[in-house]
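For the numbers below, each heavy atom of this structure counts, side chains included, while hydrogens, waters and symmetry mates do not.
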Amino acid sequence: LSPSSCQKIQYTPLEQQYISIRSQYKDAVLLVECGYRYRFFGEDAKIAAKVLNIVYHMDHNFLTASIPVHRLLVHVQRLVATGYKVGVVNQTETAALKATSDKK
């Protein structure tokens, strides 16, 4: 075994949230709102890249692809028209709001 294979994966808070949500909605392509973008992760990023003609890349522990929030409806319609179920996860707290609430 190499030293790297013995290390435990460190997930970011966003990745942890994604894993939790993904376990509840295994049959849908998920888009997660992150600031001014919606992000696809893992296999969903590959699907989005193929159907929407966008690029995916590795980011931390997952493949990811993204679209701007103002194009959400267009891209959801394209995914649904291709036969995919789509789940949209909206952000309820920004990083700035969280930082402010953590200081209290």
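Closest approach of Ala65 to Ala45, counting heavy atoms only: N-CB, 3.8 Å. Among all heavy-atom pairs drawn from Gln91 and Gly35, the shortest one is OE1-N, 2.9 Å. Between Lys46 and Leu63, the closest heavy-atom pair is CE-CD1, 3.4 Å. Residues Ser23 and Ser20 come closest through the heavy atom pair OG-O, 2.7 Å. Heavy-atom minimum distance, Leu30 versus Asp44: N-OD2, 3.0 Å. Nearest heavy-atom pair, Arg39 versus Ser66, reported as atom, atom and distance to 0.1 Å: CG-CB, 3.9 Å.
Asn90 and Tyr38 form a side-chain donor-acceptor contact under 3.5 Å, judged by distance and modelled atom types alone.
Tested against Val88 for a side chain to side chain contact (heavy atoms under 4.5 Å, CB included), the candidates Val29, Leu73, Leu72 yield a single pass: Leu72.
Looking only at distances, no side-chain donor or acceptor of Asp59 sits under 3.5 Å from a matching main-chain atom of Thr64. Checked by atom type and distance alone, the side chain of Gln16 never pairs as donor or acceptor with a backbone atom of Pro13 at under 3.5 Å. Checking side-chain atoms of Arg78 against main-chain N and O of Ala81 turns up no donor-acceptor pair under 3.5 Å.
Residues Tyr11 and Ile19 meet the side-chain proximity criterion, which asks for heavy atoms closer than 4.5 Å.
Around atom CG of Asp27, more than 12 heavy atoms belonging to other residues, nucleotides or ligands sit under 6.0 Å away.
Centroid-to-centroid, the aromatic rings of Tyr18 and Phe62 come within less than 6.0 Å.
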